[in-house]
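This one's a predicted model, so the numbers in the text were calculated from it and none came from an experiment. Chain naming here is simple, since letters A, B, ... match the order of the sequence lines and numbering starts at 1 in each.
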Number of protein chains: 2
Amino acid sequence: MKRYTLAEAEDKLIGLKGTTERDQYEFELKLELIGDMIQMARKERQLTQEQLGKLIGVKKAQISRLENNTSNVTIETILKVFNALDAKVNFNVKMLNKQVSLA
Amino acid sequence: MKRYTLAEAEDKLIGLKGTTERDQYEFELKLELIGDMIQMARKERQLTQEQLGKLIGVKKAQISRLENNTSNVTIETILKVFNALDAKVNFNVKMLNKQVSLA
DNA sequence: CATTAAGTTTACATATATGTATACAATACA
DNA sequence: TGTATTGTATACATATATGTAAACTTAATG
């Protein structure tokens with residue numbers, strides 16, 4: 001029985017990089033992470049969605065949407081959430097050769 | 001003549017952390033970085049705004065707005081741009097104690 | 001099981017991010 | 001200097017992110 005690395009499995013199951021399906025998948029994968037990060041940070045602080053909502057002034061339904069990537073998210077929202085959770089978000093960009101990184 | 005570290009100078013000039021003014025400043029600082037990162041990556045690739053626009057299917061005016069933080073930005077837009085520039089964006093979140101990091 | 005708390009889903013309103021087209025400003029460069 | 005290139009600003013249309021309220025689904029817990 002042949003075994004695969006995750007990368008191999010992804011190639012096999014989702015299609016090779018560069019194809020539309022795969023790009024779509026990678027895209028959504030990254031989008032999902034935002035929601036996961038929000039949820040992770042919230043749980044780290046032992047808060048319910050309702051409590052977090054109160055911290056930034058929105059209803060719990062809104063937090064649920066953010067965590068489940070029901071809609072796209074703006075930078076402003078991301079920062080608002082992580083600020084409330086006393087966390088620091090960093091974005092960094094890796095180019096093909098050089099690496100550019102900003103706080 | 002007294003000298004300051006950047007951190008000291010920020011505290012002095014903008015107000016201490018936790019105050020509204022300072023939070024606002026930090027917030028905008030981070031937002032600005034997105035535009036800067038986009039511009040930096042574009043120039044790294046030696047492209048004009050118009051060329052980048054063509055890559056992702058928008059007019060150059062739109063790229064200008066993104067680079068100058070004229071409006072808030074969605075994750076989707078960020079990824080679209082950096083994908084086109086063959087760059088990888090990572091978001092990572094540092095909590096007070098533990099550090100959570102995701103690709 | 002019944003009851004509460006926590007999270008999700010839906011329908012809807014409003015603000016705003018994205019997109020275009022055009023005019024304008026700044027820069028390079030002949 | 002004039003001309004082309006590049007980037008910015010403005011006015012406007014459309015899609016959608018954010019926000020609320022209420023119903024619904026799951027866990028938890030007595």
Tell me the interatomic distance from [X], atom [atom1], to [N], atom [atom2], rounded to whole angstroms.
| X | N | atom1 | atom2 | result |
| --- | --- | --- | --- | --- |
| B:Leu47 | D:dT6 | CG | C1' | 13 Å |
| B:Gln62 | D:dG7 | CD | C1' | 14 Å |
| A:Leu52 | C:dG7 | CG | C1' | 13 Å |
| B:Ile38 | C:dA17 | CD1 | P | 14 Å |
| A:Glu67 | C:dA6 | CD | P | 14 Å |
| B:Ile63 | C:dG19 | CD1 | P | 9 Å |
| A:Ile56 | D:dT18 | CD1 | P | 10 Å |
| B:Lys43 | D:dT5 | NZ | P | 19 Å |

* Any N/O donor-acceptor pair, B:Arg65 side-chain to C:dG19 base, under 3.5 Å ->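 Pair found.
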
[X] side-chain proximity, nearest of [options]:
| X | options | value |
| --- | --- | --- |
| A:Val73 | C:dT9, D:dT18, C:dT18 | D:dT18 |
| A:Thr48 | D:dG19, D:dA22, C:dG7 | C:dG7 |
| B:Arg42 | D:dG7, D:dT20, C:dT22 | D:dG7 |

At their closest point, which heavy atom of [X] faces which heavy atom of [Y], and how far apart are they?
| X | Y | result |
| --- | --- | --- |
| B:Leu47 | B:Arg42 | O-NH1, 2.8 Å |
| B:Leu85 | B:Ala41 | CD1-CB, 3.6 Å |
| A:Ile56 | A:Lys80 | CG2-O, 3.7 Å |

* Asked: Mapping B:Leu66 and B:Ala61 to their closest nucleotides on DNA chain C, which lands nearer the 5' end?
  ->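 Comparing both residues, the 5'-ward one is B:Leu66.
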
* Asked: For DNA chain C, whose closest nucleotide is more 5', that of A:Glu50 or that of B:Ile78?
  ->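 Whichever sits nearer the 5' end wins; that is A:Glu50.
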
* Asked: For the side chain of B:Asn72 and the backbone of A:Glu76, is there at least one donor-acceptor N/O pair under 3.5 Å apart?
  ->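 Checked: pair present.
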
* Taking the side chain from A:Arg45 and the backbone from A:Asp86, do they hold a donor-acceptor pair closer than 3.5 Å? ->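 At least one qualifying donor-acceptor pair exists.
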
I want to check one thing: is the phosphate of [N], taken as OP1 and OP2, less than 4.0 Å away from some side-chain N or O of [X]?
| X | N | answer |
| --- | --- | --- |
| B:Lys59 | D:dT10 | no |
| B:Gln49 | D:dT8 | yes |
| A:Asn72 | D:dA17 | yes |
| B:Lys60 | D:dT6 | no |
| B:Asn68 | D:dT8 | yes |
| A:Thr77 | D:dA17 | no |
| B:Thr74 | D:dT16 | no |

* **Within 6.0 angstrom of B:Glu50 CD, more than 12 heavy atoms from elsewhere** =>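 Counting neighbours around CD of B:Glu50, 12 or fewer heavy atoms of other residues, nucleotides or ligands fall under 6.0 Å, so no.
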
